[in-house]
Undergrad: 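Handing you this structure, nothing more for now.
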Amino acid sequence: MAQNIITQPDTYRTRPMMPPVLRGFLWAAIGFLVFNMATIAVDPFRGHPFVTEVSAVIGWAGGVIGWLLGVGGWEGIVLPLFGSPSAWVEPLDWRRYFELSTDHKVIGIQYLVSASGTFLIAGLIAMGIRYELMQPSLHFFTYANQYLTAVGIHGTLMMFAVGTVALIGGLGNYFVPLMIGAKSTVFPRLSGIGHWLVPAGVLTVIFSPLLGYWDTGWRGYEPLAMQDPGGIVYYYLGVAALTLSSSFVSVNLAATIIFQRARGVTWARLPLFVWGTITVSLLNLIWLPEIQMTFILGLLDKLVPFNFFDAIGSPLSYLSLFWLFGHPEVYIIVVPAISLWNEIIPVMAQKSLFARSWAVIGLIFVMMLSGLVWAHHMFTNMRNSEIFPFSFFTEMISIPTGFSFMAAIGTLWKSRMRLYTPGLLVIMSLFNFLIGGLTGVFLADPPVNFQVHNTFFVVAHFHYTIIGGMVFTWMAAMYYWLPKLSGRMYSEFWGKFLAIVIFIGFNGAFSQMFLLGLHGMNRWVPAYPPYLQPMNYEVSLFAFLLGAGFVGHAIHIAWAWAKGPKAQENPWNSRTLEWMTSSPPPRNNFDGEVEVSGSFYRYDVDKLPGVIHPTE
Amino acid sequence: MGDLVVFSILWILLSLVGEWALGLAKPHSLYYIIASQGYMAERAFNFLATWLTPVFVFVALFLIYTLLRFRAPDGKPVKSSQQKMRNMGFTVFWVGVSFVLNILFFLHPTSADLQAMFASEIPSRNHKDLVVDVTARQWEWIYTYPQYGVKQAVNNLGEDELELPVGRKVKFVLRSYDPFHTYDVYAGVIHDFWIPAFGMKEAVVPGLTRYEYIRPTVVASYQTNPMVRVQCAEVCGPGHPWMESPVSIVTAGQFSQWIKHQQQLQAAAGG
């Protein structure tokens with residue numbers, strides 16, 4: 001509210017400066033050209049092309065460095081690092097969203113906008129995929145590898161720039177410091193520059209087809225990737241930028257949660273979403289470096305070339321290295337969502353959280369077990385004798401996941417659940433994730449897996465967990481926290497109507513994909529036997545409805561953010577700390593020192609858990 | 001207490017309805033299965049579905065029950081009258097059932113089926129198998145019958161064709177390389193040998209030899225059901241969607257005739 005509209009002196013910059021994003025693009029272009037030409041100069045290729053696969057990699061590094069310096073890294077990080085005077089002052093108006101920021105709330109919104117924009121772009125690609133699959137032969141895409149590139153870009157962006165980013169980089173950056181009563185994060189500059197790796201990575205992946213269609217999908221399976229043209233190189237590099245961004249977020253948020261909690265915010269009182277964030281941050285810190293190293297091996301395998309992962313190397317090593325990260329990745333995406341269920345339900349129901357300790361233990365055990373199940377993605381690839389332990393852990397991981405359901409059900413039982421849009425979306429998410437989880441039990445059984453692996457059954461399963469679990473919860477959290485983010489309220493009618501639209505579109509599309517998979521529809525095919533056409537046609541219609549619903553939500557949220565009616569200070573009557581400050585919160589979050597002396601989830605007492613001691 | 005009783009009765013009734021509906025679907029749960037390994041997958045699928053139906057009904061019914069019974073009549077933030085944060089009975093029920101179910105599933109179907117599958121692969125039990133060497137290349141399945149000297153089985157159009165006698169165990173020997181470009185180490189990629197109607201797939205990995213044992217039990221062909229086809233299931237490049245070939249399962253007599261025909265074709269071609 002009023003606190004953060006502090007008018008700055010007219011000369012908030014002592015020197016005029018180009019708009020940072022524009023300068024970022026310019027410096028990126030210069031960086032690319034300089035590094036590219038330097039590479040060409042020392043490593044000319046026969047025929048003297050201006051850009052080779054090697055120079056594209058080195059040039060890309062120059063481009064990213066130029067971009068990061070241009071958006072504010074030069075004044076915000078490099079000059080202060082070397083003790084030079086910097087003319088850089090963070091603006092307080094809209095401009096702060098378009099350059100390096102050290103305010104975790106600005107960074108959070110930057111991540112949210114980047115993730116939402118990428119979600120719509122990658123979703124549009126999904127619409128293209130579904131349009132293609134309405135007919136059993138190529139009619140929309142011209143070449144099969146064009147289709148496969150579209151599938152690869154869709155998956156890569158959704159995983160690394162939306163799923164991994166929206167809840168942790170976006171909502172986590174914004175709300176975790178508020179929820180623990182912190183005034184800032186531990187590494188604000190690192191966190192600020194980290195966001196700008198997201199647009200760099202997204203643009204790298206989107207424009208990868210300029211270097212040739214790559215056809216491996218988001219998994220980059222070897223040895224197929226070695227055959228691919230240069231596009232696959234920009235897949236590796238784009239993912240490197242995106243995962244680096246998430247690593248920065250995780251370092252910053254984990255350190256903040258460990259060291260910046262307000263007085264009285266003990267581990268036993270830590271909000272559920274904060275628990276979700278720290279478990280995921282630990283997963284990120286363990287597994288993102290692993291996939292980055294794997295992709296460096298893949299990149300070298302392609303450029304040099306080595307023979308790490310082809311017939312005279314070991315293709316299965318790549319598969320293991322990929323899924324060693326790849327399975328924790330789906331928990332990186334889903335754990336914050338299942339922790340948000342139990343953040344939102346007690347508030348909406350005004351009922352004390354049931355079995356809180358079980359819900360927390362569940363998150364921690366999911367985190368630990370997620371590193372032990374990777375090879376279930378490889379049951380058809382690996383030696384049969386190695387299947388047993390992975391099948392065991394895969395079946396067991398449903399037990400701690402179920403703890404979150406238990407806490408949600410126990411809280412909802414005999415509650416007084418207010419069915420506002422966030423509550424409705426959380427219930428929908430519970431339903432969708434239930435189906436995603438139960439179909440996972442089928443996939444964990446090797447004989448069933450041998451039949452449905454690599455079919456649309458698997459495609460449906462993971463979309464049920466990721467869209468059904470994470471995206472629905474993301475929507476719920478956006479509506480839940482919109483009054484805090486913007487100080488404004490959405491339209492209850494449109495929120496509920498659009499929630500029902502995406503629920504119908506989502507379940508209509510993906511439930512039928514289970515049947516398609518059982519009926520013999522394999523993955524990564526722009527053409528398929530004609531007997532599968534009628535159901536594919538229906539799936540596409542529901543998918544278009546789903547796409548329209550998401551666009552509707554985006555428009556509705558953007559409208560409410562800018563023009564919605566003013567919201568009350570604590571519209572849901574929540575007890576967590578972020579609602580104890582104004583909406584949106586001031587630069588330093590709280591006008592005073594926060595102290596907590598009670599549980600955030602006890603709705604049987606009237607006394608609020610937190611107090612703010614005003615600073616003199 | 002009233003809610004607990006009503007919910008429990010609804011849960012039991014709807015689970016029974018669910019089991020009844022599942023019973024109707026069970027014979028077709030994997031659509032069309034005509035081979036030994038596929039029956040195992042279908043049985044496991046149906047077993048899991050049988051046990052998971054009450055779980056699904058429990059949670060789904062609970063969510064609907066919440067929408068109807070536990071919804072606030074207005075949006076006012078009134079505290080719920082019930083504020084219990086512990087319920088040992090429910091916790092023991094939930095955690096106990098999830099442990100028991102998962103351990104059950106690991107023992108049966110997972111362990112029992114894998115044991116049966118491993119047993120069927122013991123060499124001494126596979127003396128009389130029909131051996132089919134399957135070579136996957138970009139983008140073609142090549143079928144070789146070494147016991148009959150058939151190097152590449154083709155139909156009248158010269159397209160690769162897989163034909164198997166009904167009731168006889170088959171040993172597929174799966175390799176991925178390009179026999180026409182054996183010098184090119186980059187030519188081999190991962191393929192996935194899948195006959196949907198057999199209920200089984202096995203990845204074909206360059207540099208490794210993989211085996212798949214299966215016994216087709218019904219005379220059928222791609223013409224009688226389109227699930228009777230070989231389909232590559234692992235993305236292997238732009239030709240991946242078309243890396244398929246028809247399969248025929250025929251009687252023993254028809255099979256020996258077909259083998260003779262293949263041998264004649266090969267002799268005529270100078271093989």
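In what follows, chains are A, B, ... by sequence order, proteins preceding strands, each numbered from 1. Model, not experiment: these values are computed from the prediction.
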Undergrad: Heavy-atom cut-off 4.5 Å, strictly under: side chain, backbone, both or neither for B/Val235 against chain A?
TA: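 For B/Val235, heavy atoms of backbone and side chain both lie under 4.5 Å from chain A.
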Undergrad: A/Met406 versus chain B, heavy atoms under 4.5 Å apart: side chain, backbone, both or neither?
TA: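 When you check distances to chain B, atoms from both the backbone and side chain of A/Met406 fall under 4.5 Å.
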Undergrad: Looking at A/Arg418 and A/Val347, would you say the former's side chain and the latter's main chain have a donor-acceptor pair under 3.5 Å?
TA: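 Checked: pair present.
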Undergrad: What part of B/Phe106 gets within 4.5 angstrom of chain A, counting heavy atoms only: side chain, backbone, both, or neither?
TA: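 Both backbone and side chain.
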Undergrad: At a 4.5 Å cut-off on heavy atoms, which part of B/Ile33 comes close to chain A: side chain, backbone, both, or neither?
TA: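 Only the side chain of B/Ile33 comes within 4.5 Å of chain A.
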Undergrad: Please classify the contact between B/Arg43 and chain A as side chain, backbone, both or neither, with a heavy-atom cut-off of under 4.5 Å.
TA: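 When you check distances to chain A, no heavy atom of B/Arg43 falls under 4.5 Å.
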Undergrad: Just so I understand: if I count every heavy-atom pair under 4.5 Å between each of B/His240, B/Met40, B/Glu244 and chain A, which residue has the most?
TA: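 Most heavy-atom pairs within the cutoff with chain A belong to B/His240.
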Undergrad: Can you tell me which portion of A/Phe457 sits under 4.5 Å from chain B's heavy atoms? Options are side chain, backbone, both or neither.
TA: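 Only the side chain of A/Phe457 comes within 4.5 Å of chain B.
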Undergrad: Any heavy-atom pair between the side chains of A/Asp301 and A/Glu222 that's under 4.5 Å?
TA: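 Yes - at least one pair of side-chain heavy atoms lies under 4.5 Å apart.
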Undergrad: Which atoms of B/Phe7 come close to chain A, meaning under 4.5 Å heavy atom to heavy atom: side chain ones, backbone ones, both, or neither?
TA: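 Just the side chain, heavy atoms under 4.5 Å.
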Undergrad: For the residue pair A/His376 and A/Phe379, categorise the inter-ring angle as parallel (less than 30°), tilted (30 to 60°) or perpendicular (more than 60°).
TA: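 Because their plane-to-plane angle is over 60°, the rings of A/His376 and A/Phe379 count as perpendicular.
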Undergrad: Can you say whether A/Gln146 sits under 4.5 Å from chain B via the side chain, the backbone, both, or neither, judging by heavy atoms?
TA: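 Neither part, no heavy atoms under 4.5 Å.
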Undergrad: Can you tell which part of A/Ile427 gets under 4.5 Å to a heavy atom of chain B, answering side chain, backbone, both or neither?
TA: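 Contact with chain B involves both backbone and side-chain atoms of A/Ile427.
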Undergrad: For the candidates B/Ala41, B/Gly75, B/Ser176, which exhibits the highest count of non-hydrogen atom pairs separated by less than 4.5 Å from chain A?
TA: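 Max contact count across the listed options: B/Gly75.
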Undergrad: Can a donor-acceptor pair be found, under 3.5 Å and without considering hydrogens, that links the side chain of A/Ser314 to the backbone of A/Ser317?
TA: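 Answer holds: yes.
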Undergrad: Under a 4.5 Å heavy-atom cut-off, does chain A meet the side chain of B/Thr66, its backbone, both or neither?
TA: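 Contact with chain A: side chain only.
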Undergrad: Given heavy-atom pairs under 4.5 angstrom as the criterion, report whether the side chain, backbone, both or neither of A/Ile435 touches chain B.
TA: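 Just its side chain gets close to chain B.
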Undergrad: Using non-hydrogen atoms only, which part of A/Arg383 is less than 4.5 Å away from chain B: side chain, backbone, both, or neither?
TA: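 Answer is backbone: N, CA, C or O of A/Arg383 sit under 4.5 Å from chain B.
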Undergrad: I'd like to know if B/Asp74 and A/Arg416 make a salt bridge, using a cut-off of under 4.0 Å between side-chain N and carboxylate O.
TA: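 Yes, charged N to carboxylate O under 4.0 Å.
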Undergrad: Specify which of B/Glu212, B/Gln37, B/Gln82 makes the most heavy-atom pairs with chain A at under 4.5 Å.
TA: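 Looking at each option in turn, the highest pair count goes to B/Gln82.
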Undergrad: Is it the case that over 12 heavy atoms from other parts of the model lie below 6.0 angstrom from the OH atom of A/Tyr143?
TA: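 Not buried by this count: 12 neighbours or fewer within 6.0 Å.
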Undergrad: A side-chain contact here means heavy atoms from C-beta on lying under 4.5 Å apart; do B/Val204 and B/Arg210 qualify?
TA: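 No, every pair of side-chain atoms sits at 4.5 Å or beyond.
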Undergrad: Drop me the distance from B/Ile190's CD1 to B/Cys236's SG, to the nearest 0.5 angstrom.
TA: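 Output value for this atom pair is 10.5 Å.
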Undergrad: Do you know which of B/Cys232, B/Pro196, B/Ala197, B/Gly207 has the most heavy-atom pairs under 4.5 Å to chain A?
TA: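 Going by pairs under 4.5 Å, I would pick B/Pro196.
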Undergrad: Counting only non-hydrogen atoms closer than 4.5 Å, does B/Ile64 touch chain A with its backbone (N, CA, C, O), its side chain (CB onward), both, or neither?
TA: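 When you check distances to chain A, no heavy atom of B/Ile64 falls under 4.5 Å.
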Undergrad: A/Leu419 versus chain B, heavy atoms under 4.5 Å apart: side chain, backbone, both or neither?
TA: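 When you check distances to chain B, only side chain atoms of A/Leu419 fall under 4.5 Å.
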Undergrad: Please classify the contact between B/Tyr39 and chain A as side chain, backbone, both or neither, with a heavy-atom cut-off of under 4.5 Å.
TA: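 Contact with chain A involves no heavy atom of B/Tyr39 at all.
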Undergrad: As a quick check of understanding, evaluate side-chain hydrogen bond (donor to acceptor under 3.5 Å, both in side chains) for B/Asn102 and A/Ser398, giving each step before the final call.
TA: CA-CA 8 Å; B/Asn102 278 292; A/Ser398 63; 3.0 Å; yes
Undergrad: Between B/Asp192 and chain A, with a heavy-atom cut-off of 4.5 Å, which part of the residue counts as in contact: side chain, backbone, both or neither?
TA: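 For B/Asp192, the side chain is the part near chain A, not the backbone.
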Undergrad: Without swapping roles, check the side chain of A/Asn145 against the backbone of A/Leu148 for a donor-acceptor pair under 3.5 Å.
TA: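 No; judged by distance alone, with no hydrogens or angles, the pair does not exist.
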Undergrad: Give, as side chain, backbone, both or neither, the part of A/Asp310 having an atom under 4.5 angstrom from any heavy atom of chain B.
TA: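 Side chain only.
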Undergrad: Answer yes or no: does atom CH2 of B/Trp242 have more than 12 heavy-atom neighbours from other residues, nucleotides or ligands under 6.0 Å?
TA: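 Counting other residues, nucleotides and ligands, CH2 of B/Trp242 exceeds 12 neighbours.
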Undergrad: Using non-hydrogen atoms only, which part of A/Glu395 is less than 4.5 Å away from chain B: side chain, backbone, both, or neither?
TA: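 A/Glu395 touches chain B through backbone and side-chain heavy atoms alike.
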Undergrad: Check each atom of A/Met382 against the heavy atoms of chain B and say whether the ones under 4.5 Å are side chain, backbone, both or neither.
TA: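 Answer is backbone: N, CA, C or O of A/Met382 sit under 4.5 Å from chain B.
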Undergrad: Which answer fits A/Leu443, side chain, backbone, both or neither, if we ask what part of it has an atom under 4.5 Å from a heavy atom of chain B?
TA: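 For A/Leu443, neither part sits under 4.5 Å from chain B.
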Undergrad: Cut-off 3.5 Å, side chains only: do A/Trp358 and B/Thr91 have a donor facing an acceptor?
TA: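 The answer is no; no qualifying pair exists.
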Undergrad: Contact part of B/Phe62 toward chain A, heavy-atom cut-off under 4.5 Å: side chain, backbone, both or neither?
TA: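 Just the side chain, heavy atoms under 4.5 Å.
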Undergrad: Does any backbone or side-chain atom of A/Leu353 lie under 4.5 Å from a heavy atom of chain B? Answer side chain, backbone, both or neither.
TA: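 A/Leu353 touches chain B through backbone heavy atoms alone.
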Undergrad: Identify which part of A/Val458 has an atom lying under 4.5 Å from any heavy atom of chain B, answering side chain, backbone, both or neither.
TA: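 No part of A/Val458 comes within 4.5 Å of chain B.
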Undergrad: Kindly indicate whether the side chain of A/Pro529, heavy atoms from C-beta on, has any atom under 4.5 Å from the side chain of B/Arg229.
TA: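 Sidechains of B/Arg229 and A/Pro529: in contact.
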Undergrad: With chain A, which of B/Glu121, B/Lys76, B/His28, B/Lys84 has the greatest number of heavy-atom pairs at distances under 4.5 Å?
TA: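 Counting heavy-atom pairs under 4.5 Å, the top option is B/Lys76.
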Undergrad: Quick one: of B/Met200, B/Arg71, B/Glu234, B/Glu42, who has the most non-hydrogen atom pairs under 4.5 Å with chain A?
TA: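 If we count pairs closer than 4.5 Å to chain A, B/Glu234 comes out on top.
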Undergrad: Is A/Leu430 close to chain B through its backbone or its side chain, or both, or neither, when contacts mean heavy atoms under 4.5 Å?
TA: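 For A/Leu430, the contact with chain B is made by backbone and side chain together.
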Undergrad: Is the ring centre of B/Phe47 less than 6.0 Å from the ring centre of B/His108?
TA: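 Yes; B/His108 has its ring centre under 6.0 Å from that of B/Phe47.
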